[in-house]
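Heads up, the thing below is written out as structure tokens.
None of the values given here were measured: they were computed from a predicted structure.
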Amino acid sequence: MSEAPPPAGAFETGPLLLGVRHHGPGSARAVRAALDAASPAVVLIEGPPEADPLVPLAADPNLRPPVALLAHAVDEPGRSAFWPMAEFSPEWVAIRWAVERGVPARFIDLPATHSLAWEEDTGDGDSQEEAEHARVDPLAALAEAAGYDDPERWWEDAVEHRGPGLREPFAPFAALEDAMGALRERYGDGGRPRDLVREAYMRLQIRAARKEFGDEVAVVCGAWHVPALRAKTTVTADRALLKGLPKLKTDLTWVPWTHRRLARSSGYGAGIDSPGWYAHLFGAPDRPVERWLTKVAGLLREEDRIVSSAHVIEAVRLAETLAVMRGRPLAGLTETTDAVRAVLCEGSDVPLSLVYDRLVVGDVLGEVPESAPAVPLQRDLAREQRRLRLKPEALERELELDLRKDTDAARGRLLHRLRLLGVGWGEPARSRGSTGTFRETWRLRWEPELSVRIAEAGVWGTTVLGAATAKAEADAVGARALADVTALAEQCLLAGLPDALPVVMRVLADRAALDADVSHLAQALPALVRSLRYGDVRGTDTGALADVAAALAERVFIGLPPACTTLDADAAQEMRGHVDAVHGAVGLLAETLTGHDDLRPRWRAVLRTLSQRDTVPGLLRGRAVRLLLDDGELAAEDVARLMGLALSPGTPPGDAAAWVEGFVGGGGGGLLLVHDERLLGLVDAWLTSVPADAFTDVLPLLRRTFSAYEPGVRRTLGELVRRGPGGGAGAVGHPATSSGFAPEPDAGRADAVLPVLRLLLGLTPERQPSMDDDLAGVGA
């Protein structure tokens, strides 16, 4: 049975030009209706012609939008461009229509080989130079002419709520062509000079298609281009515009895309405000408002909000009433949002923001079949993702890994390898349940741009393991700072790159031997020690790391005291961070390395030297005293003596304030003053004695120190200072003690707690005597 001829008028004036709004569901429905009515012999679509071989993949059920055509330069993968398509995009509808009916579909925009060779593109494919021109937004211009202040609302009223026009399928496109023709007469290229070149190429492609298929040619393109494609120009003139265009070699493929990346807020130039809402409008068979509000109610119920059927009915009624009052043909996103806020969210914008994020925008992630072209690295990554059951998702989620389990350990290695390659699919996060080294927490979120990063990383190898190994070796050789090499050694252990580690270690040993800057050595040591610890957890041989770490610590011990003298304030702040990091590293190193029991005593000797040397800045002297106190190496009386010397009248106020910052700044400093009123009294007595002319100089340091405390600690300190010792009005530094404080633990009060502790711990009577000593220690 032969197909019915196209209706009269479909091709009378030449090719059927279907001007659309990119990612407009109304345009998509209208395109489908027009193609059904016209039955063209070929469909030409705005897009890069190099993607023509990829069109048949649209018939694969595993190619599920949103997807995008990705073009990148072969020799420079970072130079790339995307052509996104959602299920409601007119271009995707046209491709699917052609594939389902066996009709040829071809892309006719300027080839990617030229467009990528131009200057770096902006979000919508135009060069930065063009973006600087005064550019016309056709949608906004038409909305303003119709008396609307919101282009999206005008589009909904004019297109989305009018139906596909089944009786007159070509009428919407004719009206839009007339409107665009008027705009082009007024604004010319609209601030898009490159469009003139693109349109010249499209006209040449249309001529070629008419020569091959006759007049039954349908063109789906942005409505802005229709008047230019209809214009009568010569072949010679069009070819002249294309003469001398730059070129480079490109590859194209399909890649997954997301609704979030279709949103204008993501920076995508041709983006829309509400991709999730548009997907709903395109997919809803009827009653779109009722179906939408039912979907919103389901989301809110999942978040444990009380939403009944009565709420939904009332929200529908309110949305429809608002549409009537505002003179709209149907309730749009504005009306439904107002109804959701008033009825389902009880006036709160907090749950409404969730509705906007999850439904109005959405986290839908498309899928691409294995048969789509891809670089070898991408294929290996896909195999690893399937093997480890790590499916890419657009919605951010947390992944907790137990590195004692083989699968979780392999997942962690894969994510670390990708980070080393610059593919930030996962970001490390702080583990909530445990601080042990056998746990890792990741925040995972797949972004379409990662496909470009994978293409760029393909120059390092065809597998994730091979590419990460080669990249680590190259980074080690090219590293400028010693700390960069030690950080790379840590990455190699985390990522499980045993073949790269010897190269990294050789570079590390060479750099460490030549680098005489103690701050560089101190900065490098912590990462090296962490590497030893991680290697122990992962069962990695870290013998070479241990030798370098021990030698590095030795050089830090020797060189740190001289390096800490005569530093200015900024240098002292930086060195304080190094001292803290080395302190933690030495503790881990002493636990990790056998036969190095002298590390802690030798480091404490370094701290004692720093605490007592007058040429060392007060910030570092105070910090050294604090670290010794925390380690139990200084008695309270010794600390009070050193603080008294540092805060004596002969010490410049600025230096004394720096000593206070070093001593009580950071974690636990406030509690130290709360529980040792002698130290608080010394600080208070010094502070009240600072001359007025010097007080403004020390105030920023003190504010920085005390503002870091928790609010509760600050309130307690303020109360202690206010009431004075014993609850009276005396000075805090008075030798009397205040209520609740004493120089030594009160054994009697501690004993009174023992019965309650036994009850809480569930100790049986026969076990109690053997526990008394331990419980007494707890009570004390």
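Shortest non-hydrogen contact noted between L488 and A472 is CD2-O, 3.2 Å. Residues A624 and L610 share a closest heavy-atom pair of CB-CB, 4.0 Å. Shortest non-hydrogen contact noted between Q385 and P392 is NE2-CG, 3.6 Å. Taking all atoms of both residues into account, the shortest heavy-atom contact from A429 to R443 is CB-NH1, 3.4 Å. Taking each heavy atom of G461 and A467 in turn, the nearest pair found is N-CB, 3.8 Å. Between A489 and L501, the shortest heavy-atom contact is O-CD1, 4.2 Å.
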Decide yes or no on side chain to side chain contact (heavy atoms under 4.5 Å, CB included) for L354 and E303, but give the supporting numbers first. CA-CA 10 Å; L354 176 70; E303 299 298 321; 3.3 Å; yes

Candidate pair E440 and L494, rule side chain to side chain contact (heavy atoms under 4.5 Å, CB included), full reasoning: CA-CA 11 Å; E440 278 185 352; L494 294 170; 4.1 Å; yes

For L401 and R439, run side chain to side chain contact (heavy atoms under 4.5 Å, CB included): C-alpha distance rounded to whole Å, both residues' side-chain angles, the deciding distance at 0.1 Å, then the answer. CA-CA 6 Å; L401 300 179; R439 289 199 178 277; over 6 Å; no

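Between D655 and R621 there is a salt bridge, since a side-chain N of the basic residue sits under 4.0 Å from a carboxylate O of the acidic one. A salt bridge is absent between E393 and K391; no separation between the charged side-chain nitrogens and carboxylate oxygens falls under 4.0 Å. Under 4.0 Å is where a charged nitrogen must lie from a carboxylate oxygen, and between R604 and E633 at least one such pair does. The residues R419 and E427 are annotated as salt-bridged, a charged nitrogen and a carboxylate oxygen being separated by less than 4.0 angstrom.
In this structure the side chain of T441 reaches within 4.5 angstrom of the side chain of E398, judged on heavy atoms. Proximity of D630 to H583: side-chain heavy atoms (C-beta onward) are nowhere separated by under 4.5 Å. Between R608 and L634 the shortest side-chain heavy-atom distance falls below 4.5 Å. Contact of the R417 side chain with the Q491 side chain is not registered, since no non-hydrogen atoms from C-beta on lie closer than 4.5 Å. Put simply, the side chain of L620 reaches to within 4.5 Å of the side chain of L567, judged on heavy atoms. Residues E396 and W446 form no side-chain contact, since every pair of their non-hydrogen atoms from C-beta on lies 4.5 Å or further apart. Here the side chains of L415 and L444 are in contact, with some heavy-atom distance below 4.5 Å. When side chains are defined from C-beta on, L497 counts as touching L420, because their heavy atoms get closer than 4.5 Å.
Remark: L629 CG to D638 CG distance equals 10.0 Å, nearest 0.5 Å. Atom CG of residue L560 and atom NE2 of residue H578 lie 9.5 Å apart, to the nearest 0.5 angstrom. Separation of atoms CG (L628) and CZ (R623) is listed at 11.5 Å; rounding is to 0.5 Å. Taking CZ of R626 as the start and CE of M643 as the end, the distance is 10.0 Å to the nearest 0.5 Å. With values rounded to the nearest 0.5 angstrom, L642 atom CG is found 6.5 Å from Q612 atom CD. To the nearest 0.5 Å, atom OG1 of residue T469 and atom CH2 of residue W460 are 12.0 Å apart.
A donor atom on one side chain and an acceptor atom on the other are not found under 3.5 Å apart for W659 and E661.
A donor-acceptor contact shorter than 3.5 Å links the side chain of T609 to the backbone of A605. A donor-acceptor contact shorter than 3.5 Å links the side chain of D408 to the backbone of D402. Side chain of R411 to backbone of L388: a donor-acceptor contact under 3.5 angstrom is found.
No more than 12 heavy atoms of other residues, nucleotides or ligands shown are found within 6.0 angstrom of CG on D406. Heavy atoms of other residues, nucleotides or ligands lying less than 6.0 angstrom from CZ of R397 number more than 12.
Residue L381 is tested with L390, T463, L414 for a side-chain contact (heavy atoms from CB on, under 4.5 Å); the sole match is L414.
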